[in-house]
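Note: hydrogens, waters and symmetry copies are ignored here, and every other heavy atom, side chains too, is used. Order of the sequence lines fixes the chain letters, A, B, ..., with proteins taken first and strands second; residue numbering starts at 1 for each chain.
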Number of protein chains: 2
Amino acid sequence: MMRLGDQGGHVNSRVIAQLAGVSQATVSRVLNNRTNVSPQTRERVLQVIEALNYTPNVLARSLATRKTNTIGLVVANIKNPFFAEIVESITNIAASQGMNIILCSTSQDHRLQRQHVRMLIEHRVQGIIMTSVMLDDSYIRTLVPNGFPVVLVNRYLPGVPADSVVIDNYSGAYEATRHFIRLGHATVGYVRGVRNTSTNRDRERGYREALNQAGIPVRRGWIFDGHYSWQGGYNAGLRFLRLRHRPTAMLCADDLTAIGFIDALYDRGLRVPDAVAVIGFDDVQEASYRPIGLTTVRQPVTAMAEAAMRLLLDRIGGYCGDPRQIVLPAELVIRKSCGANPLWYLARGEETLVADAVPVN
Amino acid sequence: MMRLGDQGGHVNSRVIAQLAGVSQATVSRVLNNRTNVSPQTRERVLQVIEALNYTPNVLARSLATRKTNTIGLVVANIKNPFFAEIVESITNIAASQGMNIILCSTSQDHRLQRQHVRMLIEHRVQGIIMTSVMLDDSYIRTLVPNGFPVVLVNRYLPGVPADSVVIDNYSGAYEATRHFIRLGHATVGYVRGVRNTSTNRDRERGYREALNQAGIPVRRGWIFDGHYSWQGGYNAGLRFLRLRHRPTAMLCADDLTAIGFIDALYDRGLRVPDAVAVIGFDDVQEASYRPIGLTTVRQPVTAMAEAAMRLLLDRIGGYCGDPRQIVLPAELVIRKSCGANPLWYLARGEETLVADAVPVN
DNA sequence: CAGGAAGGTGTATACGTATCCAGCACGCTC
DNA sequence: GAGCGTGCTGGATACGTATACACCTTCCTG
């Protein structure tokens, strides 16, 4: 009995054809479920295929059809659970459409990212979903006008006419900051994400405007650099601890950053929300871990992934219209890290309250 | 000026050849940095390539060379940070070797996994790294004898002569359980992982034997089913709460399970380690988050990834020796979730103590 | 019964690259 | 000056599949 992967001597469709006593074209027709093959012939070919455990060569097929059924997915960092969730969603949707994905993880590194994009094009992917573009990644601009399907997710590029899917980061940060203010915080700081990303720019703007409108001055010393990472948040926390006058509330550019920030405080004996109120961004699963209980601005990952795939498949299908930007609403998820009693909000109905899921066993 | 992806009319090496006034063979030689091309010719060809922004077609190249420089990586669940870390490590190593990876996420689903393996073979990957085999995935057995390079990571298959890289799960669980016992716990429970995995089998065995040797009976009611997931741990926690007589310590099959378990207790007002001592498995970054502080058995992910790639590349390079199994040591990382004062261990020197990294700013 | 549609099959070629082989020019050695 | 190695180049072919086209048979229609 022959087995999976057992193709000693490189079995190809011609070998199958010979053994089944038909032409290679007929074998191809059987493989592709074409109708114009007689039942007897089809059966004979299938038997030989089965016997030799023949597996068609996708490379050759793609070369001949000029379609790879493959799309590229570029993320900043797989270890960030937010991106892991995006990868999972997009992979699932792609699989259901018969599409394969090639995954690339740039580490916020321009050169590496560009290299990855080049690799994807060498592999003749039919489109690319990018979640990690920086504001100065202008070379993306050179892909789009040629009609190459590109969809930006999570981040976008102003002035580059590419489809994109984002949440309303400005409003998310604005509402989060207002939430602090309503709780009585008169001093609010911010831990940045990577600076040249649309995501950070919009969030920082929302933070600043909320303070401005409340007549609260923005203090430069209360804005720290993070890098969308635990380590960045931790380092920001250490710097925070050295301040003479500390803000009583901190907005963080994403959940990992927030957790790193909280950990730094924890290592010095300070607790959240007692010492400082904290809000993050993304609502990754880690934020919901009970001992952490991070209040955060949710990104609806599944909806974003679905929208992105829809846009991309439209482009791959030949759609040539103007670029579309899909902006999904941000949603504040309140947990204990900013110290409020969720019930208070329920009564006031001012914010969206999402209770932690308590599954039935 | 022409641009990336701009290959209107399908530029190929023949077009380059014509425009450069050379043969297609020469273009190929330039692309592959062969020595036997005169500097002038090389320069001329490169200029045309630059001008047309030509990108060679990897598919055609792979077809001709019969080498794809691609390996398949099959993981159980990208959202599990343990696998995310493996993916990251292996991707990096692969990239440094000029190898691409195709990533597949089976969801502990036999059929899906088999489908993925088939896809990988259709894509003519030169080898496969599998992290998600189940004990009854005997079809893997059919790959190996044909000399197809397969390396199993994290889990292995007894009786299947494939290379594998694992940690000593038995000892890890044994030591973790002994740790509980030394702390004075006379009642220790266990939350399983997926049952038909070598990983769970070995860990459960270590748990049982440690209890046996200490003369502590293993109570069936104190062993719960989990599935290497937060949800599984959470459900186990709910069942745990319904027990009349609860054990005072719980070993969990992995960190996610442990965190889910802790969260279930938390939602009912119980705290770890006050109410129950908990130890997990893997030492993912989440375990080190300070508010969680999970004691756990570390898997040295980077070392495992490196070993796996080395084994796989050996096989791809033609090595045909007997299968090699690499067993790395498990290391108990003590944090607060089992309530011990780490300094006590430092003094006694009985366990490995790994302090949480406190980075210098 | 002529004519045509429809179903089934084979031949030839294309997809884009790598590589074997032959050929040519040049410079060197004896 | 014959012989020979060496550096560079082009022609031809292979990789494994899909598909346009032609051909044949059969069966149906008028």
From [atom1] of [X] over to [atom2] of [N], roughly how many Å is that when rounded to an integer?
X        : N      : atom1 : atom2 : answer
B:Asn57  : C:dA14 : CG    : C1'   : 14 Å
B:Gln18  : C:dG16 : CD    : P     : 14 Å
A:Ile121 : C:dG16 : CD1   : P     : 16 Å
A:Glu43  : C:dG8  : CD    : P     : 15 Å
B:Ile49  : C:dG16 : CD1   : P     : 16 Å
B:Arg124 : D:dT17 : CZ    : C1'   : 11 Å
B:Asn36  : C:dA25 : CG    : C1'   : 15 Å
B:Leu63  : D:dC15 : CG    : C1'   : 4 Å

Validation row: B:Thr26, B:Arg29 side chains within 4.5 angstrom (heavy atoms):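 Side chain of B:Thr26 against side chain of B:Arg29, heavy atoms only: contact under 4.5 Å found.
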Any side-chain heavy atom of B:Asp137 within less than 4.5 Å of one from B:His110?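 A side-chain contact under 4.5 Å exists here.
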Please determine if a side-chain N or O atom of A:Arg66 lies less than 4.0 Å away from the OP1 or OP2 oxygen of C:dG16.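 True: A:Arg66 side-chain N/O within range (under 4.0 Å) of C:dG16 OP1/OP2.
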Does B:Ser13 have a side-chain nitrogen or oxygen under 4.0 Å from the phosphate oxygens OP1 or OP2 of C:dT17?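 So the side-chain polar atoms of B:Ser13 do come within 4.0 Å of the phosphate oxygens OP1 or OP2 of C:dT17, strictly under.
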May I ask you to say what B:Val58 touches in the nucleic acid, namely base, sugar-phosphate or nothing, with a heavy-atom cut-off under 4.0 Å?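 Nothing, no heavy atom under 4.0 Å.
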Nearest to the side chain of [X], heavy atoms from C-beta on, is which of [options]?
X       : options                : value
A:Arg14 : C:dT17, D:dG11, D:dT17 : D:dT17
B:Asn12 : C:dT19, D:dG16, C:dG16 : C:dG16
B:Arg34 : C:dT11, C:dT19, C:dG16 : C:dT19

Which sits closer to the 5' end of DNA chain C, A:Gln24 or A:Thr41, going by the nucleotide each is nearest to?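 Nearest nucleotide further toward 5': that of A:Thr41.
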Does B:Thr65 or B:Ser38 map to a spot on DNA chain D nearer the 5' end, using the closest nucleotide for each?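 Nearer the 5' end of the strand: B:Ser38.
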Using heavy-atom distances to pick each residue's nearest nucleotide on DNA chain D, tell me which of A:Arg61 and B:Arg44 is more 5'.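 Mapping each residue to its closest nucleotide by heavy atoms, the 5'-most match is B:Arg44.
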Which of residues 25-33 of chain B sit near DNA chain C, with a heavy atom under 4.0 Å from it?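 Heavy-atom cutoff 4.0 Å gives B:Ala25, B:Ser28, B:Asn32.
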With sequence neighbours left out, write down each residue that passes salt bridge (Lys or Arg N to Asp or Glu O under 4.0 Å) with A:Asp314, or none if nothing qualifies.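 With sequence neighbours excluded, A:Asp314 shows a salt bridge (Lys or Arg N to Asp or Glu O under 4.0 Å) to A:Arg324, given in chain and number order.
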Heavy-atom pair of closest approach, residues A:Arg42 and A:Val30: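 Closest heavy-atom pair between A:Arg42 and A:Val30: CA-CG2, 4.0 Å.
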Which heavy atom of B:Leu59 sits nearest to which heavy atom of A:Leu59, and what is that distance?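 Heavy-atom minimum between the residues: CD2-CD2, 3.4 Å.
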Hydrogens and angles aside, do B:Gln325 and B:Ser164 bring a side-chain donor and acceptor to less than 3.5 Å of each other?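 Side-chain D/A pair, B:Gln325 to B:Ser164: present.
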Look at the side chain of B:Thr142 and the backbone N and O of B:Tyr139, then say whether any donor-acceptor pair between them is shorter than 3.5 Å.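 At least one qualifying donor-acceptor pair exists.
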